[in-house]
Amino acid sequence: SQQGEEDPQALSIQEGENATMNCSYKTSINNLQWYRQNSGRGLVHLILIRSNEREKHSGRLRVTLDTSKKSSSLLITASRAADTASYFCATVRSYGQNFVFGPGTRLSVLP
Amino acid sequence: DAGVIQSPRHEVTEMGQEVTLRCKPISGHDYLFWYRQTMMRGLELLIYFNNNVPIDDSGMPEDRFSAKMPNASFSTLKIQPSEPRDSAVYFCASSGQEESVTDTEAFFGQGTRLTVV
């Protein structure tokens, strides 16, 4: 069954604004990862946050994790038109387990 | 490394025909995953392998679907006979041990867009 659930399903913002996407999950996890998918392409890994971490940064990306609420958020600051893509969260329960992906958030950044 | 390589990129076939999708994982990776993506159902795990052995095939929709991994550098997903509802994008992904065994990420191929008419 699908574990991660992102919201919103779709988000449209202006270039330069920040974009926030949320992910909720149901079971205990080892880590949570965010991926990006450009139209017609495969998913590309963006960032990973471990279950014992609360926040992580990578360039314009900021990820938070709240294991008590079983939720995570991905913040993209100063968005660019090139950030237009679908973003997915994936949970990993433990090494050797599969990656469970949510339905994704479609982000449109308007120039 | 060229990444995960899938072939073909596009496949159009008639209902009832056999379809074979191919995947070459990243060298050294010991996990291989097959996913199917549709608008309605999102990204679904079909099956995954560890060291060429199938670990979980509970996502394989029907007996019409089969997957093999004869060696560490090659896997196939076969649909026989194909049906229009099998139309989707099929992704192969691989992952492997990093310094910390818990910090593995999935590397995806470009996918095979299958259309069954």
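What you see is a predicted model; the values in this text were computed from it and never measured. Proteins get letters first, then strands, A, B, ... in listed order; numbering begins at 1 in each.
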Atom CD of Gln9(A): over 12 foreign heavy atoms under 6.0 Å: no
Neighbour count above 12 (heavy atom, 6.0 Å) for Lys56(A) NZ: yes
Side chain to side chain contact (heavy atoms under 4.5 Å, CB included) between Glu44(B) and Phe101(A), worked out: CA-CA 8 Å; Glu44(B) 303 173 279; Phe101(A) 288 86; over 6 Å; no
Residues, nucleotides or ligands: over 12 heavy atoms within 6.0 Å of Arg9(B) CZ: yes
Atom CD of Glu14(B): over 12 foreign heavy atoms under 6.0 Å: no
Separation of His45(A) NE2 from Thr104(B) OG1 (nearest 0.5 Å): 8.5 Å
Euclidean distance, Phe91(B) CZ relative to Gln37(A) CD, rounded to 0.5 Å: 4.5 Å
Residues, nucleotides or ligands: over 12 heavy atoms within 6.0 Å of Asn52(A) CG: yes
Crowding at CZ, Arg64(B) (>12 non-hydrogen neighbours, <6.0 Å): yes
Glu105(B) CD to Gln33(A) CD distance, which is reported to the nearest 0.5 Å: 7.0 Å
Exercise: identify the closest heavy-atom pair between Ser95(B) and Phe99(A): OG-CE1, 3.9 Å
Atom pair CG/OH of Asn98(A) and Tyr35(B) - distance to nearest 0.5 Å: 5.5 Å
Gln37(B), part contacting chain A, at a heavy-atom distance under 4.5 Å: side chain
